[in-house]
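Proteins get letters first, then strands, A, B, ... in listed order; numbering begins at 1 in each. In this text the structure is predicted, and so the values were computed from the model without any measurement.
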Amino acid sequence: MYKYVGKDVKRVDGLDKVTGYTKYVDDIKMPGMLYAKIKKSPYAHAKIRKIDTSKAEALEGVKAVITGADVPNRVGLYLEDKTFLATDKVRFIGEPVAAVAAVTPEIAEQAVELIEVEYEELPSVFTAMDAIKPDAPLVHENLGEYYHGPIFFPKPGTNISNHYKIRKGDVEKGFAEADYIMENEFYVPHIQHAPIENHSVIALTEPSGKVTVWSACQSPYAVRKALSVAFNLPLHKVRVISPAVGGGFGGKAGTTLEGITIPLSQKCVGKPVKLTFTREEDMICSFVRQGCLARIKTGVKKDGRIVAEENTFYWEGGAYTEYGVNISRAGGYASTGPYDIPNVKADSYCVYTNQPVGGPYRGFGMSEIHFAIEQNLDMVATQMGMDPVEFRKINAIKEGGHTVTGQQLYNVGITKCIEAVEKDIEWGKKSEPSGPNKVRGKGIACMYKAPSMPNNVASSAVIKINEDGTANLLVTAMDIGQGSNTVLAQIAAEELTIPVEKISVVTGDTDITPYEWQTVASRITYCAGNAVKKAAQDAKEQMLKLASIALGLPAEYLEFKDEHVVSKIYPDRKISIASLALGLEMPDGSGVHGPIIGRGSFIPPNVRNTDKETGQGDKPVAFWTFGAQAVEIEIDTETGQIEVIKVAAAYDVGKAINPQLCKAQIEGGIVQGIGSALLEQQIMDKGRVLNPNFVDYKIPAVSDAPEMIVRIVEVPEETGPYGARGVGEPAMVPTAPAIANAVYDALGIRINSLPLSAEKVLKAIKDSQK
Amino acid sequence: MNKFQYVKPATLNEAADILYQNGDEASILNGGTDLLVRMRDKMIKPKVVVDVKAIPELKELKYTEEEGLFIGAVVTMNEIVCSDIILEKYKILAEAAHEVGSYQLRNRATMTGNVCNASPSGDTIAPLYVLSANIKIFSKEGIKLVPIDDFILGVRKIALKPGEIVVGIQIPPIKGKNGGSYYKHSRRKDVDLATVGVAAFCNEGRWKIAYAAVAPTILRGYKAEEILNKLDVIDDTTLIPAMDAAVEEISPISDVRASKEYRFDMIRISLKRAVLAALEQYA
Ligand SMILES: Cc1cc2nc3c(=O)[nH]c(=O)nc-3n(C[C@H](O)[C@H](O)[C@H](O)COP(=O)(O)OP(=O)(O)OC[C@H]3O[C@@H](n4cnc5c(N)ncnc54)[C@H](O)[C@@H]3O)c2cc1C
C-alpha cells in the first residue's frame with residue numbers, strides 16, 4: 001500500500017561514495033590553511049608541573065601553541081568532567097596536553113617535540129575492581145564539583161562516576177523461592193570503533209569572533225552546544241558543519257578534536273586550522289568501547305522460569321566518563337536482557353581508570369551486558385538440562401509482560417525472532433565438520449535495546465518545495481553509512497508523493513539545517529523519521545488549502561497522488577505540486593501564500609524519569625527493539641581457530657522502511673560482532689596501548705564473513721513512523737554471545753571473556769584435558 | 001615523515017654511484033610497502049630515496065633448465081603468483097607470495113623487498129631457504145651470488161654494503177620428484193603477519209624445512225629434516241618426532257600476536273600441515 005516506504009530504494013548517497021567523489025573533512029583544503037598536531041602524555045597518571053612552549057613558539061612556521069590554560073572550561077555531554085587539553089594533571093597515556101598550529105604538518109610535529117612538559121607521576125589504576133577499592137588513587141578528586149545531568153549519580157570521593165540501581169520486586173524472596181541458584185562472571189575488554197575515516201576537524205575563527213568547524217561528527221548540534229560552553233560563545237557564533245562521516249559507530253558522537261582546533265584558530269584569526277588524527281592517535285586518544293566486568297546471580301524454578309536475578313556491572317570507563325556514565329545507565333535499565341523476571345537487583349557502576357576514554361560504541365552497553373546475560377542463560381539452561389532455545393522462549397518478554405524497570409510492553413516481537421533463527425540455523429541438527437580435528441557447534445543469543453538518550457531529546461526537519469515540483473529535505477540527522485539520507489527521503493517521498501529522486505537531502509550544518517539532538521542510539525529512523533513525516537504533512541496542509549481554492553473543492557475531498565493534489569471523487573480535477581510550490585496564482589494574476597516550506601518537530605512522547613532508588617518507571621525509553629541470532633561455527637581443535645560458518649539473524653524492526661538497507665545494517669552488525677567475538681581487543685600494559693594499528697588490531701576481513709540469513713520481523717511500534725523501530729546497533733549485539741554459546745556446544749567448554757582468540761580457545765581445550 | 005630527496009636512476013651503475021656516495025643516508029625504494037611504513041614511523045630517516053623500479057635488469061622474470069629461476073628485484077608478488085612457470089615448477093613460492101598482505105599490497109610488494117627487509121615473519125623467505133635460493137647482488141666490482149642464509153644476518157640485518165643493489169633472486173633448477181608447501185599460521189585468514197610459518201620441501205625423498213617468526217631470522221629445521229629423511233611412511237603419527245624436534249629448534253618470543261607457548265604449539269601443527277601439504281604436491 002506504500003509506494004516508497006518498504007521498498008529497496010537505492011542509496012541516494014551511493015554514486016558519490018562509490019566513485020570516490022564524496023568529500024570528507026580531511027579532503028578539504030582551504031587557502032592559508034594551518035595544520036595542527038598534539039603533544040600527548042607519556043604517563044597514565046601524573047601532575048603537570050610545568051609546560052614550556054617557548055622553543056616550539058620560536059620555531060619558524062609555527063603560528064600558535066596552546067596548553068590546558070587556553071581551554072580551562074570543563075565540558076561533557078552528561079557529566080562535565082573533561083577539558084579539551086589536560087590542565088592540572090594527565091589521566092591516561094596519550095591524553096593531549098598541548099597543541100600546535102603551523103604552516104605544514106611536519107613543522108607542527110617538530111614543534112610538538114620541542115614542547116617540554118614536567119610531570120610528577122601519580123599512582124594509577126587500571127581495572128574497575130582496583131579502582132573501586134577504598135584506598136584506590138582517585139582519578140578525579142573533584143568529582144563532587146562536576147556538573148551532571150539529573151539522571152546520573154556520581155559518588156564523590158570515589159572513582160565511581162555513576163551508580164545506576166534497579167530494585168524490582170523482592171529479590172531475596174525471589175531467590176528463596178528458586179529451586180536453583182547459579183552465579184557467573186564475564187568480562188569484555190576495550191575495543192576500537194575502527195572507522196575507515198580517522199577523526200578530522202578544521203576550525204576557522206572569523207574577525208567577528210564567529211567560529212566555524214568542519215568536523216567528521218555524528219551530532220553537529222550536540223557538538224555546537226558543548227563548544228559554546230567550552231569557549232563561552234553564544235550558539236549563533238558557533239557553526240558546526242559535518243560534510244560527511246566516514247563511519248562513526250559511536251566514536252564520532254561527542255566532541256573530539258573541535259576543542260583543540262578552535263582555540264588554535266582563535267589565535268590565528270582568518271586562518272583555517274586542520275587537525276587529522278593518525279590511526280594510532282585515533283586508537284589511543286579518541287573514544288574506545290569500555291571494558292566491562294559482569295556478575296550475574298540467577299534464581300530459577302524447576303519449570304525453567306527465572307524468578308530472581310542479581311546483576312552487577314563494573315564498567316571500565318577510562319580517564320573521562322562524560323559519555324560513559326550513560327552507558328552504565330543503559331546497562332542498568334536493560335540489565336536482564338529481553339526477559340521477564342519478577343525480582344531483580346541490579347547495580348551498574350561506571351568506574352574511572354587511567355586508561356583511554358570509554359565512550360559510545362554501536363550497542364551502547366548492550367553488547368557488553370548481553371555477552372554476560374546470554375551466556376549466563378545458556379549456562380543456567382545447561383545446568384537444568386534444558387534446551388537453550390526453549391529456556392529463552394519460557395523467559396522472553398511476552399505481550400503485556402514487564403521489563404526490568406517495570407515497564408509493561410505490548411507489540412513484542414522477541415519470540416518471533418527466536419523462532420525464526422531456530423528454524424534458519426536448523427537448531428538441534430548437527431552438521432558434519434569439514435575435516436579431522438574439527439568440531440562444530442551451534443549457539444543462540446537474543447537481545448533488546450532501547451535508544452539511550454535523555455527523555456525529551458528533539459528532532460526537526462524542514463522541507464522546501466521547489467517550483468518544478470522537486471523538494472529539498474533539510475535535517476541534521478547524519479548519514480554515517482547507515483543509510484539515513486535514503487530512508488528519510490523515502491519517508492518524505494511517501495508523504496508528499498514526490499519520487500525519491502526528486503528529493504535532495506541536505507544535512508549537517510547548524511547554521512542551515514534544523515535541530516537534531518544526535519545521530520546515535522539507533523534513533524534516527526524513528527526520531528528524525530517522525531520529524532520528516534510531520535514536515536511533509538505540514539507542507540501538504542499548506543498545499544491542500546491552496547489546492548482547495550484553486551480547484552473550488554473543500555480540502556477534505558482532496559488527496560495527494562503522484563505529485564498532484566487530486567479530487568477524491570473526480571480524479572481529473574487536480575493541480576500539480578509544482579504549481580503550488582511558490583504559492584497560488586489567482587485568475588487576476590495576483591498571488592497568495594508564497595513558498596511552501598514544511599516544518600516538523602518531534603520529541604518521543606511520554607518518556608519519563610525512573611525512580612532514583614529503584615530504577616522503576618512505566619516508560620523510561622522511547623521504544624524497544626528485539627532480536628535474536630543463531631550461529632554455526634567450526635573449531636580447529638589443533639589451533640583453537642574458530643570459523644563462523646553461518647549466522648541466522650532476525651530482528652523486529654517494526655517496519656523496514658528500506659528492507660535492503662535494514663539487511664545491510666544487520667549483516668554489517670554481524671560482521672562487527674564477529675570481530676569483537678574472535679579478534680578484537682585493545683591490548684594494554686599499565687595503560688599503554690600495545691596495538692594501536694591495524695597490524696595488530698585485527699577487524700574482520702571479507703574472508704571472515706559467514707553465510708548470513710537475515711529475517712526481518714515487523715511488529716509495529718505505535719509511535720514509530722509507519723511502525724518503525726531502530727536496528728543499527730541491535731545488529732551486532734547477540735553475535736558474540738551466540739558464538740561463545742556455540743563454542744560450548746562444540747567443545748563443552750565455557751570461555752567467559754572476549755575475544756575468543758585461537759590462543760585462548762586452544763588453552764581452554766588443553767586445560768579441559770588436564 | 002622527514003624531508004628526503006627522491007631519485008630514480010635508469011641504470012645499475014648510476015644507482016650504485018648514488019648509493020655509494022650517500023652510504024647510510026640512502027635507502028633503496030622498491031615496492032615501498034616496508035620502507036614507507038618505516039619512514040612514516042620515523043624508524044629510519046633516509047636523506048636520499050633511490051627508486052630502483054626503472055632499472056631494466058631488475059624487471060626480469062625468467063627460467064632456464066641450466067640456471068633455474070631468476071626473479072628480478074622489482075617483480076611484484078602478484079606477478080609471481082600469476083607466473084605459469086613458477087606455478088608449474090616452484091609452486092611453494094607462488095603459495096607464499098599469495099600469503100603476503102592483500103591483493104592491492106601484492107601489486108606493489110616484491111619478493112626482493114621481502115628478503116631485504118629481513119623480518120622474521122617475512123612470508124617468502126622460509127620458502128627461499130628450502131629452495132636454496134641465492135641473492136644476486138650488483139656492485140661496481142661486479143655481480144655476486146650469496147646464499148640466502150648468508151645474506152640474512154638478523155632482524156632487518158642483511159649482508160649488503162653501501163653501493164650494492166640486489167638484482168634479484170636466483171633459484172637453482174629442481175631435478176627429480178619434488179613437492180613443497182608453506183603453511184602460515186596467523187590470527188586472521190587474510191592480511192595478517194605470520195604468528196608462525198613453516199616451509200617444507202621434499203626433493204627425491206630429501207626434506208628441507210624452514211621456520212618463520214620463531215627466531216630473529218628464518219631458521220632451517222635441520223633436526224626435523226633428519227627425522228623426516230628417515231621416515232618410510234609420513235602421517236599424523238609418524239610425524240610426531242619431527243614435530244617434537246621443531247619445538248627444540250626454535251626460540252620464539254611472546255608478543256602481542258601470541259605467547260611463546262602458543263608459538264611452540266603452533267610450530268608443531270604448522271610443521272605437520274606443511275609437510276602433509278608438500279606430500280600432496282610431491283610428484
Ligand atoms: C598492509 C601490509 C601488509 C603486509 N603483509 C605482509 C605479509 O603478510 N607477509 C609479509 O611477509 N610481509 C607483509 N608486509 C610487508 C611487506 O609488504 C613485504 O615485506 C614486501 O615484500 C616488501 O616488498 P617491497 O617491494 O614493498 O619492499 P620495500 O619497502 O620497497 O623495501 C623493503 C626493504 O628492502 C630494501 N630493498 C628493496 N629492494 C632492494 C634491492 N633491490 N636491493 C637492496 N635492497 C632493497 C629496501 O631498502 C627496504 O629496506 C605487509 C606490509 C603491509 C604494508
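- Panel note: side chain A:K274, backbone A:D26; a donor-acceptor pair is recorded below 3.5 Å.
- Taking all atoms of both residues into account, the shortest heavy-atom contact from B:D192 to B:S186 is OD2-CB, 3.7 Å.
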Under 3.5 Å, sequence neighbours excluded: what are the donor-acceptor pairs made by side chains of residues 219-227 of chain B?
unit_1: B:R220; atom_1: NE; unit_2: B:E225; atom_2: OE2; d: 2.7
unit_1: B:R220; atom_1: NH2; unit_2: B:E225; atom_2: OE1; d: 3.0
unit_1: B:R220; atom_1: NH2; unit_2: B:E225; atom_2: OE2; d: 3.3
unit_1: B:E225; atom_1: OE2; unit_2: B:I209; atom_2: N; d: 2.7

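- Comparing A:S757, A:S703, A:A701 by heavy-atom pairs within less than 4.5 Å of chain B, the highest count is held by A:S703.
- With a 4.5 angstrom heavy-atom cutoff, A:V695 touches chain B via backbone and side-chain atoms both.
- The side chain to side chain contact (heavy atoms under 4.5 Å, CB included) search around A:V112 returns A:K37, A:K39, A:V100, not counting sequence neighbours.
- Side chain of B:N78 to main chain of B:V81: no donor-acceptor pair is present (N/O by atom type, distance under 3.5 Å, no hydrogens or angles).
- Within residues 246-279 of chain B, the residues that have a heavy atom under 4.5 Å from a heavy atom of chain A are B:V256, B:R257, B:A258, B:S259, B:Y262, B:D265, B:M266, B:I269, B:K272, B:R273, listed by number.
- Of the inter-residue distances, the one linking A:E432 atom CD with A:R440 atom CZ reads 8.5 Å to the nearest 0.5 angstrom.
- At a 4.5 Å heavy-atom cutoff, A:K763 makes no contact with chain B through either its backbone or its side chain.
- When heavy atoms are compared at a cutoff of 4.5 Å, A:D636 approaches chain B solely by way of its side chain, counted from C-beta outward.
- Between chain B and the residues A:L762, A:D685, A:L678, A:T278, the most heavy-atom pairs under 4.5 angstrom are made by A:L762.
- Of the two parts of A:Q681, neither the backbone nor the side chain holds a non-hydrogen atom closer than 4.5 Å to a non-hydrogen atom of chain B.
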Run the side chain to side chain donor-acceptor pair (under 3.5 Å) check on A:Y187 and A:N752 step by step: do they pass?
CA-CA 6 Å; A:Y187 181 72; A:N752 294 21; over 6 Å; no

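- Only the side chain of A:E643 comes within less than 4.5 Å of a heavy atom of chain B; its backbone N, CA, C and O stay farther away.
- For the pair A:T637 (side chain) and A:N437 (backbone), a donor-acceptor distance under 3.5 Å is present.
- The side chain to side chain contact (heavy atoms under 4.5 Å, CB included) test applied to A:I635 returns A:V439, A:I633, A:I642, A:V743, A:A746, A:L747, A:V761, not counting sequence neighbours.
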